[in-house]
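Before any comments, here is the structure.
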Amino acid sequence: MRTRYNAAITALGGYVPENVLTNHDLEKMVDTNDEWIVARTGIKERRIVNDAHIATSDLAVKAVERLLSDAKLSPEAIECVIVATSTPDYIMVSTASVVCEKAGLVNAWGVDSNAACSGFLYALTLGASLIEGGRYKNVIVIGADKNSAIINYEDRNTCILFGDGAGAVLLEQTTEHTGVIDNVFRTDGSGKEQLIVKAGGSMNPSSIETVTNKLNYITQNGRVVFKAAIEGMTQTCNEVFERNDLKSSDVNWLVPHQANLRIIQAVGEKLDISTDHVKVNIDRYGNTTAATIPLCLWDYKNDFKEGDKMILTAFGAGFSWGATYLIWSKLRG
Ligand code: UT7
């Protein structure tokens, strides 16, 4: 009988820029205030790159270097790198190519996957599939976004929400029942206008007009996205519960995409998972798009024990959303 392989997360790395942008800093830039931002989003501060020469790949490389150092692995051991990002270094040339070069991953091929805030979960399943198929033993999956590159710091609807950061996980082949177990994902392009960067791609190439009209920045219809996020995450989590015969009391940790504390709390309540089992770091980093979930896993890795049952869930532009069932594995190092 063919051996069944699973993809275990055995090492992690995270990175956020040192430069802090607080709510009080934003008060000086747009018509907003700390009380409103904390009450409506849970965000107190976020990290923003303050050097024009630092790109998404640089954030990702820092996360990969921390991962490799913790794992006591040499860069040559890595076979494949998947970078989830919607702020690639370039339109053409994958950020994964740049990451492989800068981090010395000389034996790896790399590819980007863009599904905005759901990007990391989708990339995790793609990476896990390579390993489950038996041909790969070591795959790094990264979620990285330099959101400050696509934020209009004159738009209070969006500039208060987003931060920059990167998180990376190492997936390793195992025959044990651990690691990435299952997922339920959805996409619905009819939601695309609700959260979008309209220009810069083939639909609307960048021009003087797109820049003048601020079409190269994120725009969002917050209320519509808010409602759809709660519904979508709750529904896919419930489907994952059913498919895997899980009850909410079986779940040790819910690790949700960090877009808004009120969304996180609503999803936790609907799933009947108490707040002490829900991981939150939005107060410190804001919404780092594809990086929120791996950053959260990295931040709280000391709280997780081998065998812990975890549900990761995200919702983002596209619309794209879903939930992943993960069993926490023994970490290297
Ligand atoms: O990661 C991808 C997925 N993204 C999300 O999940 C984000 C989903 N949406 C949200 O998190 C929320 O909708 C926001 C945080 C973006 C906005 O919160 P809200 O509670 O939905 O506020 P709202 O847009 O309904 O605005 C309420 C009021 C408005 O004033 P009026 O019309 O009631 O007078 C806004 O103009 O708050 C005003 N407002 C602000 N006030 C101070 C909007 N932005 C701000 C601001 N500071 N930054």
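FYI, side chains are in, hydrogens and waters are out, and symmetry mates aren't considered; it's all heavy atoms of this structure. Ligands are counted one by one from 1 in listed order, and the atoms in each one are counted from 1 as well.
The line from CZ of Arg40 to OG1 of Thr32 is 11.5 Å long, rounded to the nearest 0.5 Å. The line from CG of Asp164 to OG1 of Thr56 is 7.5 Å long, rounded to the nearest 0.5 Å.
Within 4.0 Å of ligand 1, counting heavy atoms only, the contacting residues are Asp31, Thr32, Trp36, Arg40, Thr41, Cys117, Arg156, Asn157, Ile160, Leu161, Leu195, Gln220, Gly222, Arg223, Val225, Phe226, His257, Ala259, Asn260, Arg262, Ile263, Asn287, Phe315.
Tyr15 is linked by a ring-ring contact (aromatic ring centres under 6.0 Å, His included) to nothing, counting only residues two or more places apart in sequence or in another chain. Residues satisfying the side-chain contact (heavy atoms from CB on, under 4.5 Å) test with Thr175, not counting sequence neighbours, are Thr3, Tyr5. For Trp298, the ring-ring contact (aromatic ring centres under 6.0 Å, His included) criterion is met by no residue, not counting sequence neighbours.
Here the side chain of Asp89 pairs no donor or acceptor atom with the backbone of Ala55 at under 3.5 angstrom.
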